[in-house]
Q: 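Below you'll find the structure I mean.
The figures here come from the full heavy-atom set of this structure, side chains too, leaving out hydrogens, waters and symmetry mates.
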Amino acid sequence: HLPPPSGAAKILVMDATEVREPCRYSTWLKASAKSPWDLNTMQQRLVCMGHKDGVIKLRHHPSAPLLISASADHSVRVWDERTGECVQLMRGHQDLVADIFFNADSTKVVSASDDKTSLVFKLNI
């Protein structure tokens, strides 16, 4: 095992089914940023700044160049994977967001939180 990048505070182990191309993303995430790494070169590919607490889950949109993240800061964010820009912020939970999914046609995001609620958000793409 390689050591996590300097400053890494959270560890995320992703299933291969959660991303379109698993080798493009890292298993290490900073508390305040999503940091996908190219595991072939061990070079950081992208940093997405915005979450105020740890990232719990990261998923790749099945047909658009987007990532969605669930966070302990009670929010879900949508990121442009080409630029790292947050293109949508989804709020409404009162506790950490434990999981996120796309609906069948990938136009909505369903989130599940430790506040014992699930919310459905329209994806603005």
Side-chain angles (χ1 to χ4, degrees):
H1 291 267
L2 296 171
S6 175
K10 300 288 179 186
I11 296 175
L12 173 70
V13 178
M14 299 185 321
D15 296 331
T17 59
E18 292 181 22
V19 292
R20 185 173 54 199
E21 295 170 293
C23 65
R24 292 171 56 197
Y25 301 97
S26 170
T27 58
W28 302 298
L29 298 176
K30 294 181 182 178
S32 61
K34 295 193 320 313
S35 303
W37 288 69
D38 182 325
L39 296 182
N40 294 320
T41 64
M42 290 310 297
Q43 297 296 310
Q44 193 171 45
R45 194 178 82 66
L46 181 68
V47 173
C48 303
M49 300 296 292
H51 281 299
K52 306 297 185 222
D53 205 341
V55 173
I56 307 298
K57 186 71 76 161
L58 180 70
R59 293 193 185 268
H60 190 277
H61 190 278
S63 61
L66 299 173
L67 298 168
I68 58 169
S69 58
S71 176
D73 69 6
H74 311 176
S75 73
V76 174
R77 289 181 180 257
V78 181
W79 308 91
D80 183 321
E81 76 166 20
R82 299 163 297 191
T83 65
E85 177 186 2
C86 178
V87 295
Q88 188 173 352
L89 173 61
M90 302 167 177
R91 294 182 187 211
H93 288 295
Q94 302 303 310
D95 205 339
L96 72 83
V97 182
D99 213 345
I100 44 178
F101 300 92
F102 290 102
N103 68 330
D105 65 359
S106 301
T107 59
K108 295 183 177 81
V109 173
V110 180
S111 60
S113 170
D114 277 3
D115 66 11
K116 299 181 172 81
T117 65
S118 288
L119 299 176
V120 179
F121 299 97
K122 181 180 178 188
L123 194 57
N124 298 329
I125 57 170

Q: Among Ser75, Ser111, Ser71, Ser118, which residue meets the side chain to side chain donor-acceptor pair (under 3.5 Å) test with His93?
A: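 Among the candidates, only Ser111 passes.
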
Q: Specify the closest pair of heavy atoms between Trp79 and Gly84, including all atoms of both residues, with the distance to one decimal.
A: CE3-O, 3.4 Å

Q: Are Leu123 and Leu119 connected, step by step, through hydrophobic side chains (Ile, Leu, Val, Met, Phe, Trp, Tyr) whose heavy atoms are closer than 4.5 Å?
A: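 Yes.
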
Q: Look up atom CG in Asp99 and atom CG in Asp114, then write down how far apart they are to the nearest 0.5 Å.
A: 10.5 Å

Q: Working to the nearest 0.5 angstrom, can you tell me the gap between Asp95 CG and Lys116 NZ?
A: 8.5 Å

Q: Flag yes if Phe101 and Leu58 sit in one hydrophobic cluster, no otherwise; membership is Ile, Leu, Val, Met, Phe, Trp, Tyr, and two members link when side-chain heavy atoms are under 4.5 Å apart.
A: no

Q: Can you name the closest pair of heavy atoms from Arg77 and Cys86 and give their distance?
A: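 Closest pair (atom of Arg77, atom of Cys86, distance): NH1-SG, 3.4 Å.
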
Q: In the hydrophobic cluster built from side-chain contacts under 4.5 Å, what are the other members alongside Val120?
A: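 Hydrophobic cluster check, Val120: joined to Val110.
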
Q: Start with the C-alpha gap between His74 and Gln94, add the side-chain angles, then the distance that decides, and say whether side chain to side chain donor-acceptor pair (under 3.5 Å) holds.
A: CA-CA 6 Å; His74 311 176; Gln94 302 303 310; 5.7 Å; no

Q: Go through it in stages, so that I can follow the logic: the residues are Arg91 and Asp73, the test is salt bridge (charged side-chain N to carboxylate O under 4.0 Å, His left out), and I'd like the CA-CA distance, side-chain angles, deciding distance and then a yes or no.
A: CA-CA 10 Å; Arg91 294 182 187 211; Asp73 69 6; over 6 Å; no

Q: I need the Arg59 CZ to Ile68 CD1 distance, nearest 0.5 Å.
A: 7.0 Å

Q: Kindly compute the distance separating CG (Asp53) from CD1 (Ile56), expressed to the nearest 0.5 Å.
A: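 Atom-to-atom, Asp53:CG and Ile56:CD1 are 7.5 Å apart.
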
Q: Which pair of heavy atoms, one from Thr107 and one from Asn103, lies closest together, and at what distance?
A: N-OD1, 2.9 Å

Q: For the residue pair Ala70 and Ile100, what are the closest heavy atoms and their distance?
A: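 That would be N-CD1, 3.6 Å.
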
Q: In terms of hydrophobic clusters joined by side-chain contacts under 4.5 Å, are Val87 and Leu89 together?
A: no

Q: Is any side-chain heavy atom of Val78 closer than 4.5 Å to a side-chain heavy atom of Met90?
A: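 Touching, per the 4.5 Å side-chain cut-off.
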
Q: Output all residues satisfying ring pair (Phe, Tyr, Trp, His ring centres under 6.0 Å) with Phe102, sequence neighbours left out; order by chain, then residue number.
A: His61

Q: Minimum heavy-atom separation for Lys122 and Gln88, please, with both atom names.
A: O-NE2, 2.8 Å

